[in-house]
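Given the structure is predicted, the values throughout are model-derived calculations rather than measurements. Lettering of chains follows the sequences in order, A, B, ..., and the numbering in each one begins at 1. The figures here come from the full heavy-atom set of this structure, side chains too, leaving out hydrogens, waters and symmetry mates.
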There are 2 protein chains.
Amino acid sequence: MTVRRPTINDVARHAGVSPSTASVVFSGKTAVSDTTRQRVLDAAGSLGYTGPDPRAASLRRGRSGIVGVVFEEHLGAAFLDPVKTLMMDGLTDGVASLGAGLLLLRDQAPLGTEPTLTTAPLDAAVLVGCSGMLRESLDAVQARGIPVVVIEGDAGDGIPQIQLDNREAQRQAASHLRTLGHTQVALVTLPARAGWVRGRLAADERITIDVTRERLAGAREVFPEAPAYAAQGSSIDEGLAAGRALLTDPATRPTAVLAQSDLLAAGVIRAAEELGLRVPQQLSVTGFDGIVVDGLAPYELTTLVQPAAEKGRAAGQAIAAMLAGQTAASIRFTCVFRVGNTTGPRS
Amino acid sequence: MTVRRPTINDVARHAGVSPSTASVVFSGKTAVSDTTRQRVLDAAGSLGYTGPDPRAASLRRGRSGIVGVVFEEHLGAAFLDPVKTLMMDGLTDGVASLGAGLLLLRDQAPLGTEPTLTTAPLDAAVLVGCSGMLRESLDAVQARGIPVVVIEGDAGDGIPQIQLDNREAQRQAASHLRTLGHTQVALVTLPARAGWVRGRLAADERITIDVTRERLAGAREVFPEAPAYAAQGSSIDEGLAAGRALLTDPATRPTAVLAQSDLLAAGVIRAAEELGLRVPQQLSVTGFDGIVVDGLAPYELTTLVQPAAEKGRAAGQAIAAMLAGQTAASIRFTCVFRVGNTTGPRS
DNA sequence: TTGTACGCGTTATCAA
DNA sequence: TTGATAACGCGTACAA
């Protein structure tokens, strides 16, 4: 049989002090005489008491020290994206400084079980992504009256959001290319919608993924007529496919490609290599994100460095503010344009 | 001021039923007449009650629905490794069927108040990795009497472990190369120890990371004298560095390289390309893991496919069993050898 | 510096 | 099918 685990009461009795004194020994909220402390710790040791039960403590405190992170996709998919990984890193920091930990939650509740989002003891929640499924999660959390922050998603008013100047930033890269003399420019974008299959992007295509739409708009401010190819995700392989599609025919070959992510850009560069095109002499390529692309050396992408980790950290701070009863404002981060060795004057 | 959130007591009073009846309406544990249920739900609606407080429920139930995952590294680093990511995916699945979420925990207890293995409201814990720090974590969890599962680590008896036939599997790849006629073989391994700096591996080097040691032993069964180069981590760039070190000098150049991970193998291939060596005509390369390496096409690695997601799922199931009071057994998974186009007969 | 008393919000048990 | 009761284990005013 399971022996009942000792409680702080048992410890106190064993040590000959009151429960509150014992409690204080563990929490450190009040000064306790050394002799008393020692007695309590000894008692705890001999009883095998390992500290306050977190469940009871969180009920009493009204705080669990847990922040939920909701992803709309499989975790594997989420972490394939280096930007999200960095963001998680920052988020970990951000909530740690708040004394909380991260609970990974998946949006799509498996059938048969209750959605953990509504049953987990959360102090706050962070939603990552931008699709419609997020909507339900948002409602669920809001119904519980828990502070929510949305990263890169379109939540309604009143919800702090962490955003990026996608359009502005992309416009900057486009201007850079124009300054270099490029006029034949092609775009490689992220997926237009969930479930998108890679292919040319029609001018009137409905684009439901915010990031894609915004960055595209930025590029189009400078190159309104540039042909666009939307990848199926953000990866080198996708960029390679896009690059082949855009670069193979010499007749329609652009002199520069604006990719919406560094991974896509890396793939485009590979495609160029395949075709014997030299970068940046014969083809300029820009990326977006400013991550370190594994295996891309010696190229150094001309790209827009986004403060990925900062985004996560900011989300943590927003949560801290909300938990403190203040209202947190949305934050809009700015990318920094970095010139590498993948862009050059039109030849 | 914050209006006190309504409790199930308020709802019950409002609906004119007892708290326990109201509770049952939400939990569904017992049959309730339709009229009563409706009355309760109506009351909840008009009061803005959105369901039981998870904190109180978890105190009462003795379950929090939270499983801790402990990594020995920086959390960000954990997700840089595609194998771990896949494993997490499986783990998410595994615990989801249990209605639980994953709480990210780091091994090194930081100063702050962030939740730790000893202070978080965990139902169970999964330890990932293999270093010595794990030892402490293990003690901490065991002291709390919480079910533990260890993935790829060496825990003592009585603790369910999820393992891989690393040695056997690697021996298989080595045999494959020998069968193809290779005798000049070099090894590229994972780090020998935490904090390892890339470089040649001396014959008597102390290797504390289990995975590295086991796979190395498997390779050495077939090629006892093969020179080994230990990378600093598992990435393409590390493989590239290792590849350069091993392949540059034609005098000592091997005809085949056994890498301990797919990413390392991909890097070795890049190094070969750099040096103008054709794979597999002039150099055979094998990997380990069986992941999809982005950007490696058209190469298809000869590698050992490990059931990464399965490992996570198995851990989840083991936890479910232990929470149900049963004892879970350790599981040893087997890799599947897959021949790709990166190995060929010795030229 | 220590002790008393109570409530945090829920749910399992059992009797009606 | 419903209700009364009693924990679950802790933290914290407040008093001593």
Could you list the donor-acceptor pairs under 3.5 angstrom formed between side-chain atoms of residues 319-328 of chain A and any protein atom two or more places apart in sequence or on another chain?
none

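Looking only at distances, a side-chain donor or acceptor of A/Arg144 sits under 3.5 Å from a matching main-chain atom of A/Thr118. At distances below 3.5 Å, at least one donor-acceptor pair connects side-chain atoms of A/Asp123 with backbone N or O atoms of A/Ser64. At distances below 3.5 Å, not a single donor-acceptor pair connects side-chain atoms of B/Thr119 with backbone N or O atoms of B/Pro115.
A donor-acceptor contact under 3.5 Å links the side chain of A/Ser20 to the base of C/dG3. Between the side chain of B/Arg60 and the base of C/dT10, no donor-acceptor pair of N or O atoms lies under 3.5 Å.
Partners of A/Arg193 under the side chain to side chain donor-acceptor pair (under 3.5 Å) rule, at least two apart in sequence or in another chain, are A/Glu205. Not a single side chain to side chain donor-acceptor pair (under 3.5 Å) links A/Asp53 to another residue, sequence neighbours left out.
Of the candidate nucleotides D/dC10, C/dA12, D/dG3, D/dG3 has the atom nearest to the side chain of B/Ser18.
Applying the side chain to side chain contact (heavy atoms under 4.5 Å, CB included) test between B/Leu122 and each of B/Leu105, B/Val67, B/Val141 identifies B/Leu105 as the sole match.
Atom CG in A/Leu59 sits roughly 13 Å away from atom C1' in C/dT11 (whole-Å rounding).
Contacts of A/Val24 with the nucleic acid, taken as non-hydrogen atoms under 4.0 Å apart, are absent.
Classification of B/Arg39 and B/Asp42 as a salt-bridged pair fails, no side-chain N sitting under 4.0 Å from a carboxylate O.
If you check residues 25-33 of chain A against DNA chain C, the residues with a heavy atom closer than 4.0 Å are A/Ala31, A/Val32, A/Ser33, listed by number. Within residues 34-58 of chain A, the residues that place at least one heavy atom under 4.0 Å from DNA chain D are, in residue-number order, A/Tyr49, A/Pro52, A/Asp53, A/Ala56, A/Ala57. Contacts between residues 7-14 of chain B and DNA chain C, defined by a heavy-atom separation under 4.0 Å, are made by B/Thr7, B/Ile8, B/Asn9.
At a threshold of 4.5 Å between non-hydrogen side-chain atoms, the residues A/Val32 and A/Phe26 do not count as touching.
Put simply, NE2 on A/His14 and OG on A/Ser46 are 3.5 Å apart, with the number rounded to the nearest 0.5 Å.
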- Would you sort out whether B/Gln306 and B/Lys311 count as a side chain to side chain donor-acceptor pair (under 3.5 Å), showing the intermediate values? CA-CA 9 Å; B/Gln306 68 157 299; B/Lys311 287 198 297 183; 2.9 Å; yes
